[in-house]
Amino acid sequence: MKEFVSERAKTTHLKERIHVIWYCIPMDQYHRSVLAAEERFFSECDTGSVPVILVFTKCDALLIRGMAALGPEEEKLSRDERIVIGWQNAERMLKVNPAWESVQKMMYPPNAYVELRELHKSNEGCKLLLKRTVGALDEEALQMLLVTTQHTNMMLCIEFAFRR
């Protein structure tokens, strides 16, 4: 893995080059410790100029825990208000997540992180992932390429939808 990342990070062929790494950690097992593969990656894999974004997936599972942490006075609130507070509790849990705390202290910590949640409702999680990705890229040309590509894809989707 280290050799693959190192070679692809340094290649001059744009098609073969790695521009960003999205390292995914599922949150449905919130209290699990860092796996050996994760520890090796963040301790031994120097990605050079390639930014690493830690992507917490399945964050919806934290809402259940956040809702379970509601106090008796919060139980009297409306369902929507309880969900808002549940997400606030879930965000606090994520900030003290053992996996996040561990990888931050390793030799090659991620450049950024993003929490993917409620993806069934909209593409807000994807927008945040793209925003963090653009922000993590060092090269302005790559940032512009990503933004342009995403804009073009959206326009193609709209055009295709109208054709149907």
Side-chain angles (χ1 to χ4, degrees), residues 1-69 86-154 156-157:
M1 170 188 58
K2 291 188 292 187
E3 185 177 314
F4 174 82
V5 169
S6 179
E7 287 175 7
R8 293 294 177 115
K10 295 175 185 171
T11 186
T12 57
H13 299 353
L14 192 61
K15 185 177 177 181
E16 296 176 4
R17 190 167 143 206
I18 295 176
H19 304 291
V20 68
I21 297 171
W22 291 339
Y23 199 105
C24 300
I25 295 181
M27 289 288 95
D28 56 342
Q29 298 174 2
Y30 166 70
H31 285 294
R32 75 168 176 79
S33 59
V34 174
L35 301 178
E38 296 161 356
E39 187 172 345
R40 270 196 318 275
F41 181 83
F42 291 107
S43 295
E44 302 172 11
C45 193
D46 181 4
T47 61
S49 63
V50 177
V52 177
I53 299 174
L54 190 58
V55 181
F56 291 114
T57 63
K58 302 181 182 180
C59 287
D60 293 337
L62 290 177
L63 177 59
I64 296 167
R65 294 182 187 270
M67 295 290 285
W87 275 122
Q88 291 169 351
N89 290 340
E91 288 170 9
R92 279 193 291 277
M93 285 184 242
L94 186 62
K95 288 185 171 100
V96 295
N97 177 296
W100 176 238
E101 288 180 347
S102 294
V103 297
Q104 281 184 304
K105 296 174 186 172
M106 292 183 186
M107 179 69 105
Y108 304 106
N111 301 75
Y113 77 94
V114 66
E115 309 150 19
L116 297 183
R117 66 180 193 189
E118 297 184 299
L119 295 179
H120 63 285
K121 289 185 176 180
S122 68
N123 64 353
E124 291 302 312
C126 293
K127 285 181 184 177
L128 182 58
L129 179 58
L130 286 170
K131 183 178 179 180
R132 296 272 167 84
T133 300
V134 170
L137 292 171
D138 289 338
E139 298 176 37
E140 188 174 343
L142 283 176
Q143 290 175 334
M144 293 306 295
L145 180 63
L146 178 60
V147 170
T148 302
T149 302
Q150 292 306 310
H151 179 58
T152 302
N153 285 344
M154 185 183 344
L156 286 174
C157 289

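Source: prediction; values computed, not measured.
Contact check for I21 versus T47: side-chain heavy atoms found under the 4.5 Å cut-off. You'll find the side chain of L54 stays beyond 4.5 Å of the side chain of W22, heavy atoms only. Within the 4.5 Å cutoff, the side chain of V20 has heavy atoms near those of the P51 side chain.
Among residues at least two apart or in separate chains, there is no salt bridge (Lys or Arg N to Asp or Glu O under 4.0 Å) pair with a member in residues 48-57. Residue pairs that meet the salt bridge (Lys or Arg N to Asp or Glu O under 4.0 Å) test with at least one member in residues 45-63, sequence neighbours left out, are D28-K58.
Take Q88 and apply the side chain to side chain donor-acceptor pair (under 3.5 Å) test, not counting sequence neighbours, and it matches no residue. For R92, the side chain to side chain donor-acceptor pair (under 3.5 Å) partners at least two apart in sequence or on another chain are N89. Remark: E3 pairs with E7 by the side chain to side chain contact (heavy atoms under 4.5 Å, CB included) rule, at least two apart or across chains.
Of all non-hydrogen atoms in P26 and T57, the two that sit nearest each other are CA-OG1, 3.2 Å. V50 and I18 get closest at one heavy-atom pair: CG2-O, 3.4 Å.
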Would you mind writing out the side-chain donor-acceptor pairs for residues 103-113 within the sub-3.5 Å range, not counting sequence neighbours?
{"residue": "Q104", "atom": "OE1", "partner": "W100", "partner atom": "NE1", "Å": "3.4"}
{"residue": "N111", "atom": "OD1", "partner": "V52", "partner atom": "N", "Å": "2.7"}

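Between R117 and E91, at least one side-chain nitrogen of the basic residue sits less than 4.0 Å from a carboxylate oxygen of the acidic one, meeting the salt-bridge criterion.
Taken to the nearest 0.5 Å, the CD atom of E115 stands 9.5 Å off from the CE atom of M27. Summarising the geometry, atom OG belonging to S43 is positioned 11.0 Å from atom CD belonging to E38; distances are rounded to the nearest 0.5 Å.
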